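Numbered from 1 within each chain, the chains take letters A, B, ... in sequence-line order. All figures in this text were calculated on a predicted structure; none of them were measured in a lab.
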Amino acid sequence: MIKITFPDKAVREYPEGTTAMDIAKSISEGLARNVLSAKVNGKLWDTTRPITEDSTLELLTWDSPDGKATLWHSSAHLMAEALESFYPGVKFGIGPPVEGGFYYDVDLGKNSISSDDFKKIEDKMLELARQSNTYTRKEVSKRDAIKYFEEKGDEYKLDLLKDLEDGQITFYTQGNFTDLCRGPHIPNTGYIKAVKLLNIAGAYWRGDETKKQLTRIYGITFPKQSLLQEYLVMVEEAKKRDHRKLGKEMELFTFSEKVGLGLPLWLPKGAMLRERLESFLRKAQLKSGYVPVVTPHIGNKQLYVTSGHYEKYGKDSFQPIRTPAEGEEFFLKPMNCPHHCEIYKSKPYSYKDLPVRLAEFGTVYRYEQSGELHGLTRVRGFTQDDAHLFCRPDQVKKEFIKVIDLVLYVFRALDLTEFTAQISLRDPENKAKYIGSDENWDKAEKAIIEAAAEKGLKTVVEIGEAAFYGPKLDFMVKDALGRKWQLGTIQVDYNLPERFELEYTGSDNKKHRPVMIHRAPFGSLERFVALLIEHCAGNFPMWLAPEQVIILPVSDHYMDYAKKVCTLLNNSDIRALVDERPEKVGRKIRDAEVKKFPFMLIVGEKEQETGTVSVRKHGGEDLGVKKVEEFRDYVMKEIEEKIASFEEVNAG
RNA sequence: GCCGAUGUAGCUCAGUUGGUUAGAGCUACUGAUUUGUAAUCAGUAGGUCGGGGGUUCGAGUCCCUCCAUCGGCUCCA
């Protein structure tokens, strides 16, 4: 007998060689029907694979990410089987589960495939699923594995086999399909009840542009038909939040082919929104010891040679602008840091002067491949809410904490609660990739980790993801469709101070090198606004809304009163306007709802007589009748609370 | 850039196997209606069917090409 320890610490005995499926059955039939895979001693395990020693066991169902991944991974194999039946001789690359489904990279040879073929592939997959074919695991020697794929003529699997160790290689077979695979898999194909192929894309073998491009087919499957329906509804809902759609509808920004790809044009309402964000941050930064600087949009090539950006990113920059007579070379500014370094250098500093915090809403331009452009989230010209802090090594941690405070302050004012903080450290196995002394790195990494812990951030640590010049902390947010984007970022940099030979005089009267911290709470205004739109579905926090209040007179007779109310609100800096159209109230309300006004004030005879307004919130909530002044104070208070000053928020 | 899909009025979409003057709703404009919590009625205007080339007696529809847009191109069997 072996001892099995469950997640709740309960221990039960089972015969040696029992399986997760047997154990699930011993608990309940329902569980057995839902269990997709298992974790045995922390390792993913097929439910049908014997367990031979005392183990901890976790049964994985659809409710766990690993359970989903197992179903999707098995689905990738199922799709491969379907594809092989239609396209004999098809070669397979990799077919992993991903967030939101799975894909398989295939080489169809002379055949090609399009979304028109999805239906028949889906049908075939469902047909194979209904056969409830078991996924069978088999250990094979490297020699046999190579032989198998040589016979099959699949060079991609052979390429993968090169990196695998003999004795560690397993095959999985279901129905007529056998694949090189680590597993685990679901017990049989019958667990897959609903199939939806999503899209088709080109993907280079091993992500390498110089290698052959394979056809990648994305799909998603579910253990229940109803889950597919829910998923489709969810996707439709997400599309409604798309910032590209809402940005157009709400007249925030637009693009023009004539102006150029990836170069957003901010419309008046969007520009005002941007300005509000900027002034909000400016105010907080001023209180936080930043000083503003302004630098030009182009910089001499030599500047970027010094910074190292020319060598590393030269090809991702817009090509040089030359002066006609002198032939000098300038680049459109791809980042602000080199300029800021030169500002730092404009005068000598004592250790007592540090930290120096230079802030600029700097517009930068980067060449992005045309296919990479995406609404406001990936553009070629954008404005960073950039700042560079020059500090002593002993100040790094404190400064880092202050920056985290600032980022959290910004996120709070915008109701951005769903973000993850990612700490990117260097790969200790590969120190050659990075510049700077071990001592400085250790200090900086420790400072970041401690700073994040002190602020109680939920963090994910990524080893090897640091920039070559220093570790960083990024704030990641997902868009409506679940794609991850980086917003705020805080980065420690030892490289630029070195390259620009930045100095300060220490208490020892010797020259020392400052440490630089790059930081941008929004990241870029463009991307930030995009994500903000998707997060609030266009219903901005009131202090940001392009128009905050619309006054709806019941008929023309109350127009003068409506205008009076409007003026009163405007005088208190509340953005209000009157719907003067001779429409019915119902119509005006509907239009105001569609246009996402946070507040609607209905005024008619009753209100006019009593100096009141009837308050309806966006979404339909009725706040009842209020005195005009009372409503004004209510709105002002709500705004104040939301954008409480930086010191207030950080006092506690 | 590469792979795949898409491109008809300001917006959302119809438009049979190629066949007369390309349609609808919303928006805009004009007029009537003076209205109490998600769409009042009527009329008018608006399109070189993404650009260019070709096949055809005839192209929004078929072919080629260019452009733009959308999805993807890191997540290592």
Looking at [X], I'd like to know whether one of its side-chain N or O atoms comes within less than 4.0 Å of OP1 or OP2 on [N].
| X | N | result |
| --- | --- | --- |
| Arg587(A) | U40(B) | yes |
| Arg581(A) | U33(B) | no |
| Thr215(A) | C3(B) | no |
| His374(A) | U69(B) | no |
| Tyr103(A) | C73(B) | no |
| Arg616(A) | A38(B) | yes |

Counting any heavy atom closer than 4.0 Å, what does Glu372(A) reach on the DNA or RNA strands: base, sugar-phosphate only, or nothing?
base
Give Glu583(A) one of three labels, base, sugar-phosphate or nothing, depending on what nucleic acid heavy atoms sit under 4.0 Å from its own.
base
Figure out the CE/P separation between Met559(A) and U35(B), and round it to whole Å.
13 Å
I'd like to know if [X] reaches the base of [N] with its side chain, counting only an N/O donor and acceptor under 3.5 Å.
| X | N | value |
| --- | --- | --- |
| Asp556(A) | U34(B) | yes |
| Gln213(A) | C2(B) | yes |
| Glu257(A) | G51(B) | no |
| Arg590(A) | A39(B) | yes |

Per ring-ring contact (aromatic ring centres under 6.0 Å, His included), Phe92(A) is matched among Tyr156(A), Tyr87(A), Phe177(A) by Phe177(A)
With nearest nucleotides of RNA chain B determined for Val554(A) and Tyr104(A) from heavy-atom distances, which residue corresponds to the more 5′ nucleotide?
Val554(A)
State, yes or no, whether a side-chain contact exists between Lys245(A) and Glu249(A) at a heavy-atom distance under 4.5 Å.
yes
Name the pairing partner of C29(B), where a pair is Watson-Crick or G-U wobble with both distances under 3.5 Å, or state none.
G43(B)
